[in-house]
Amino acid sequence: MAARSQYEELARQLSAVGAVKRGLARILPAECPGGSATVLTLLAKYGEMRISRLAELLAVNMSVTSRHVTHAVENGWIERSSDPTDKRSRILRLTPAGADMIDELGRRTTEMFADHLDDWSDEEVGQLNSLLSRLRDSFSCRGPGGCAPVRHSGDCRTGHPDDVHTRTPV
């Protein structure tokens, strides 16, 4: 276990990550706020799904999810259709315009990181990605019931192969 001072420094560093998140928010197209970008990103990653599943992945309540979905539908980025297995439910899926927006978000995000991290080596960026992934996994395993991290791979899941909680676009 690391020393207490290490955890205190980690808390300070993670607080400073707010500057990175604000930078990401600034590069989003005006018509695509962060919540909509995250909805599009999750649909692109996992494919069509019910709004209840999307709310789980977003780790927010249904009313917040519904607002993000409505905005994306109004912009033509996703469509809602009847669930063939349960006509009361709706299935959300990315439209071609939504796929185009995902491409634009990915381009903007990649350019921003490339500009700001141009003096980082590929190895350093890879290390940061690995450590942030491990940090996220450590926190996702601490919910009700918890789980024991798999030490050899850094992989930690709570039973669902796609058990991911993120609020970061692209």
Side-chain angles (χ1 to χ4, degrees), residues 11 13-110 112-113 128-147 149-150 154-170:
Q13 292 299 327
L14 288 176
S15 292
V17 169
V20 176
K21 291 181 78 171
R22 287 187 297 278
L24 283 168
R26 281 192 294 274
I27 65 160
L28 294 174
E31 70 276 13
C32 188
S36 296
T38 304
V39 164
L40 296 177
T41 301
L42 290 171
L43 285 170
K45 182 173 183 174
Y46 296 109
E48 63 183 43
M49 67 183 76
R50 290 181 178 180
I51 193 168
S52 58
R53 178 64 179 138
L54 183 60
E56 289 174 22
L57 292 171
L58 289 168
V60 297
N61 66 42
M62 286 291 286
S63 65
V64 172
T65 304
S66 181
R67 282 194 302 273
H68 295 318
V69 166
T70 297
H71 180 79
V73 167
E74 289 171 351
N75 281 279
W77 301 323
I78 63 174
E79 62 185 8
R80 293 182 263 210
S81 59
S82 294
D83 183 341
T85 62
D86 180 357
K87 298 295 184 194
R88 298 168 296 168
S89 296
R90 311 279 277 170
I91 296 291
L92 307 174
R93 74 179 48 84
L94 209 56
T95 65
D100 290 345
M101 180 55 74
I102 286 290
D103 290 343
E104 177 65 13
L105 295 171
R107 184 190 63 73
R108 288 175 182 227
T109 301
T110 300
M112 185 197 82
F113 281 118
L128 178 61
N129 286 332
S130 294
L131 290 171
L132 288 173
S133 179
R134 184 174 173 193
L135 177 66
R136 184 189 65 235
D137 288 348
S138 292
F139 276 80
S140 68
C141 293
R142 303 298 187 232
C147 70
V150 179
D155 191 20
C156 179
R157 297 176 194 249
T158 59
H160 295 93
D162 55 351
D163 203 6
V164 172
H165 298 286
T166 182
R167 290 190 178 135
T168 305
V170 189

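In what follows, residues are counted from 1 in the order of the sequence shown. Keep in mind that the numbers below use all heavy atoms, side chains included, and drop hydrogens, waters and symmetry copies. All figures in this text were calculated on a predicted structure; none of them were measured in a lab.
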* Closest non-hydrogen atom pair, A55 against M62 -> CB-SD, 3.7 Å

* Asked: Are M112 and L24 close enough that some pair of their side-chain heavy atoms sits under 4.5 Å apart?
  -> yes

* What is the distance from atom CD1 of I78 to atom CD1 of I51, rounded to the nearest 0.5 Å? -> 7.5 Å

* Would you check if C32 and L105 make a side-chain contact, meaning some heavy-atom pair closer than 4.5 Å? => yes

* Where L94 and A99 come nearest, the two heavy atoms and their spacing -> CG-N, 3.8 Å

* State the CG-CG distance between L54 and L43, to the nearest 0.5 angstrom. => 5.5 Å

* Asked: Can you name the closest pair of heavy atoms from P33 and L28 and give their distance?
  -> C-CD1, 3.8 Å

* Going by heavy atoms in the side chains, are P29 and M101 under 4.5 Å from each other? -> yes

* **Sub-4.5 Å side-chain heavy-atom contact between S66 and T70** => yes

* **F113 vs R108 side-chain heavy atoms within contact, under 4.5 Å** => no

* Structure fact -> Heavy-atom closest pair (G76 atom, A97 atom, distance to 0.1 Å) is O-CB, 3.5 Å

* To do: Give, for atom CG of L42 and atom CZ of R53, the distance between the pair rounded to the nearest 0.5 Å.
  => 9.0 Å

* Main-chain N/O of W77 paired with T95 side-chain donor or acceptor, under 3.5 Å -> yes

* Note, S81 side chain near R90 side chain (heavy atom, < 4.5 Å) -> no

* Asked: CG of L40 to NE2 of H71: how many Å apart, nearest 0.5 Å?
  -> 9.0 Å

* Asked: Going from CE on M49 to CG on L92, what distance comes out if it is rounded to the nearest 0.5 angstrom?
  -> 8.0 Å

* **Any side-chain heavy-atom pair of T38 and L57 under 4.5 Å** => no

* Asked: Do V64 and N61 have side chains that get closer than 4.5 Å, going by heavy atoms?
  -> yes

* Interatomic distance, D137 atom CG to L132 atom CG [nearest 0.5 angstrom] -> 11.0 Å

